[in-house]
Amino acid sequence: MEREVRGHLQGSGAGGRAEEWHEPEPAGEDQPDVTEADPREARSRFGRYLPRSVLPADRARLIAAARGSNAPQDVVAELERLDPDRRFRTVAEVWQALGYEADRRF
């Protein structure tokens, strides 16, 4: 009998959980839409894929750095909208060049 329940006891069942009630629930209808995220969080997510060491940089170098950081396609697509002749000194400059509002600190 020990062999029969070993998977449940050690948590090697579906999803790596021993009990079904431990499984996280999927997002429900009452959850906020991802596209309506906090602008600061969106900029932070964007900046995660642009290492500071790459700056200052032009569009091509930013895209290469983002791809090197395994950026999702939506981040790369945003970078592809940048002016190819302009150099950016900070992630904030890139963010504003894409038409997003600057972060306001109070």
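This one's a predicted model, so the numbers in the text were calculated from it and none came from an experiment.
A60 pairs by the side chain to side chain contact (heavy atoms under 4.5 Å, CB included) definition with D58, not counting sequence neighbours. Residues that satisfy the side-chain hydrogen bond (donor to acceptor under 3.5 Å, both in side chains) test with R52, not counting sequence neighbours, are absent from this structure. Residues forming a side-chain hydrogen bond (donor to acceptor under 3.5 Å, both in side chains) with R45 (at least two apart in sequence, or on another chain): D74. For Y49, there are no ring-ring contact (aromatic ring centres under 6.0 Å, His included) partners two or more places apart in sequence or in a different chain.
Using a 4.5 Å heavy-atom threshold, the side chains of L50 and L55 count as separate.
We find the CD-CZ distance between Q96 and R43 to be 8.0 Å, quoted to the nearest 0.5 Å.
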Compile the donor-acceptor pairs under 3.5 Å between side chains in residues 63-71 and protein atoms, sequence neighbours left out, one pair per line.
unit_1	atom_1	unit_2	atom_2	d
R67	NH2	E80	OE2	3.3
S69	OG	A65	O	3.1

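Looking at every heavy atom in both residues, R61 comes nearest to P56 through NH1-O, 3.5 Å. Between L62 and L79, the shortest heavy-atom distance links the atoms O-CD1, 3.7 Å.
Contacts classified as side chain to side chain donor-acceptor pair (under 3.5 Å) and involving residues 81-94 (residues at least two apart or in different chains) are given here: E78-R81, R89-E93.
Ring orientation note: the planes of W95 and Y100 are close to parallel, at an angle under 30° on the 30°/60° scale.
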